[in-house]
Amino acid sequence: MSQTTVDATSGDWEGRYDHIDQVLNTAGPRTDPGFLAGDGVKDFLRNQAKILVIGAGGLGCEILANLALTGFKDIHVIDMDTIDISNLNRQFLFRPKDVGKPKATCAAEFIMNRVPGVKVTPYFGKIQDKDEEYYMQFNLVICGLDSVEARRWMSATLVNMVDPENPESLKPLIDGGTEGFKGQARVILPSITSCYECSLDMLNKPTAFPICTIANTPRLPEHCIEWASVLEWPKVQGDKKLDTDDPEHIGWLYQVASARAKEFKIEGVTWSLTQGVVKNIIPAIASTNAIIAGMSACCNEAFKIATSSAAYLNNYFMLIGTEGVYSYTFEHEKRDDCPVCGGESLDLTISKDLTVEQIIELLVERQDIQIKKPSLATPTSQIYLQAPPQLEQATRPNLSKKVSELVAEDGEVTVTSTSLPFSLSLRIHYN
Amino acid sequence: MLKIWSMKKNEDVAAKKKPKTSAAQIRVQKDLTELDLPATMKTHFADPADLLNFTLTITPDEGMYKGGAFEFSFNITTNYPHEPPKVKCLQTIYHPNVDLSGNVCLNILREDWKPVLNLNSVMVGLQYLFLEPNADDPLNKEAAIEMSKNRDTFISNVKSSMRGNTIKGVQYNNVLAKS
């Protein structure tokens with residue numbers, strides 16, 4: 001067997017990417033017309049593409065490993081959590097010695113040790129800590145998150161970043177998610193295809209029990225745990241905020257819930273169920289994560305988008321593994337009344353002397369928007385609200401003010417009205 | 001890298017930069033400015049610049065709670081409308097569906113919340129609790145038992161509690177509307 005030679009600068013050895021190069025060396029029947037086979041695309045994938053992974057949990061660990069092995073070499077990862085012992089059964093980048101350490105840092109170190117030549121830059125913190133300038137540096141963003149709130153934030157941020165003057169501002173977002181044996185992956189081209197907010201009403205609502213059942217007729221261990229967290233905690237602990245990551249808080253809830261369960265002869269209250277109920281944890285399954293993160297979904301899409309080597313997912317893939325294996329792909333449509341990517345937007349050039357009252361008249365009179373009783377606000381303050389009475393009164397003095405006193409050049413104004421499907425956004429310029 | 005921008009150019013979409021206003025914020029603005037409340041309900045904003053925290057006063061004009069002014073706090077999170085607003089009664093009141101800590105048993109505040117509902121539906125739902133208290137889903141069990149077993153005593157307890165009296169060892173708040 002011949003000895004392996006490693007290139008000193010790239011860290012690559014001969015034949016390292018033989019398998020992947022099969023796909024990149026020649027165009028196929030389904031490659032994008034813009035695909036340039038050969039060295040150019042390989043250079044982009046391995047030396048230029050910068051990719052951001054959000055979440056270094058069940059999905060994130062798989063995503064990081066797959067990206068590194070397909071040839072992405074500049075990977076960044078954000079995660080705000082530390083490693084819990086219960087993560088080790090499926091988050092394969094972590095070992096028992098890592099318990100308590102930040103996920104992002106440990107995952108990055110593991111990948112860099114294992115896959116030569118890959119640089120993984122971790123950030124231990126929240127996605128909300130970073131601004132547009134930070135997100136602007138990436139070519140692609142992949143989310144492996146467990147929270148609706150974080151997904152909404154990320155999707156809205158990427159939609160808001162799209163600047164018509166700058167093609168680089170459009171960052172494809174690949175979003176994966178799993179719930180037990182079920183999973184989904186989707187490709188979001190911000191402002192072009194449906195965004196996360198467009199599909200918000202497709203979500204299952206979080207499990208909640210009627211508060212009166214919890215208070216009076218508990219039948220399930222979950223009822224006892226909710227009784228402890230929803231009713232007893234505020235009653236006993238007062239204004240102290242319940243921190244679901246604090247083992248002492250979970251311990252208190254577990255004790256209180258157990259006592260309640262005993263009283264009603266209910267079995268099944270355990271520490272992990274307590275944690276599961278208050279943190280809304282859905283059991284995660286390693287194989288589902290692997291399918292969603294892996295070559296059938298998220299990372300495959302990242303590779304196809306980065307290289308244009310094949311048609312990418314359009315745009316929603318779902319996997320149902322609860323009974324057999326079923327998958328379905330469909331195009332989720334953009335919603336006209338989506339508060340993030342839908343709705344009308346309008347550039348408005350006005351005189352510096354125009355008052356708020358006059359701009360309202362102007363909006364009402366415009367034939368193309370036909371708005372009735374508009375309410376106006378900037379992202380940070382209200383300009384004029386038609387209702388409720390107290391807010392109308394509080395904002396009424398603004399009517400006689402000049403718009404230029406309240407809104408900066410190139411500033412944004414959100415207009416809502418019963419006659420609009422959702423809202424209208426204005427971008428104000430002064431002449 | 002895939003040339004996505006060319007797709008954007010081909011599409012006939014008004015490619016304007018969107019505002020930084022969050023979806024929750026726009027939705028709250030829309031909900032509040034389109035509130036259609038009867039004269040029996042009034043909102044109050046301690047800080048008119050903060051639309052996410054306010055109180056609602058309900059002054060029922062019929063039923064056994066007529067004459068009272070009931071206050072509820074509304075707290076809306078950034079995850080609205082995926083999550084319902086958090087609503088609590090600010091007074092200690094004698095009501096089968098409100099406990100002594102101010103928790104309210106109203107289905108659309110918890111298990112039946114949907115993003116298509118809005119603040120108006122929640123407020124109308126709260127007012128309904130004063131017109132038709134429901135003894136089948138009790139939070140204040142004693143009040144509920146009284147209501148289903150002895151309606152006259154229940155009504156006199158309601159009246160008495162609203163004046164700030166003590167019933168079965170519990171001191172209730174005086175909630176009589178100031179006229």
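Residue numbering restarts at 1 for every chain, and letters A, B, ... go by the order of the sequence lines.
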Check your understanding: For residues A:Gln390 and B:Thr43, is any side-chain donor paired with an opposing acceptor at under 3.5 Å?
Key ->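 Not at all, the side chains of A:Gln390 and B:Thr43 share no donor-acceptor pair under 3.5 Å.
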Check your understanding: Under a 4.0 Å N-O cut-off, is there an ion pair linking B:Arg110 with A:Glu226?
Key ->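 A salt bridge links B:Arg110 with A:Glu226.
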Check your understanding: Side chains of B:Leu109 and A:Ile211: does their closest heavy-atom pair fall under 4.5 Å?
Key -> no
Between [X] and chain A, which part of the residue has a heavy atom less than 4.5 Å away: side chain, backbone, both or neither?
X	value
B:Ser101	side chain
B:Asn107	neither
B:Thr78	both

Identify the two heavy atoms, one from [X] and one from [Y], that lie closest to each other, and give their separation to 0.1 Å.
X	Y	answer
A:Pro339	B:Ile26	O-CD1, 3.7 Å
A:Glu197	B:Ala23	OE2-CB, 3.5 Å
A:Pro388	B:Leu32	CD-O, 3.5 Å
B:Gln29	A:Thr414	NE2-O, 3.4 Å
B:Ala24	A:Arg152	N-NH2, 4.1 Å
B:Asp137	A:Cys212	CB-SG, 3.2 Å

Study note, to complete from the structure: So, the part of A:Ala156 with a heavy atom under 4.5 Å from chain B: the answer is neither
Check your understanding: Between A:Ser381 and chain B, which part of the residue has a heavy atom less than 4.5 Å away: side chain, backbone, both or neither?
Key -> neither
Check your understanding: Do you know which of A:Ala394, A:Gly411, A:Ala306 has the most heavy-atom pairs with chain B at a distance under 4.5 angstrom?
Key -> A:Ala306
Review point. Should we count NZ of B:Lys42 as having more than 12 external heavy atoms under 6.0 Å?
Key: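 No, NZ of B:Lys42 has 12 or fewer neighbouring heavy atoms, counting only those of other groups under 6.0 Å.
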**Study point:** B:Glu142 atom CD, neighbour heavy-atom count above 12 within 6.0 Å
**Key:** no
Once rounded to the nearest 0.5 Å, what's the spacing between atom [atom1] of [X] and atom [atom2] of [Y]?
X	Y	atom1	atom2	answer
B:Leu100	A:Lys235	CG	NZ	7.5 Å
A:Asp201	B:His82	CG	NE2	11.5 Å
B:Arg27	A:Ser423	CZ	OG	11.5 Å

Point to revise | Whether B:Gln25 side chain and A:Pro379 backbone form a donor-acceptor pair below 3.5 Å | key: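 Yes; judged by distance alone, with no hydrogens or angles, the pair exists.
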**Study point:** Main-chain N/O of B:Pro138 paired with A:Asn216 side-chain donor or acceptor, under 3.5 Å
**Key:** yes
Exercise for review: Identify which of B:Leu37, B:Asp99, B:Leu51, B:Leu35 forms the greatest number of heavy-atom pairs closer than 4.5 Å to chain A.
Suggested key: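 Option with the top pair count is B:Leu51.
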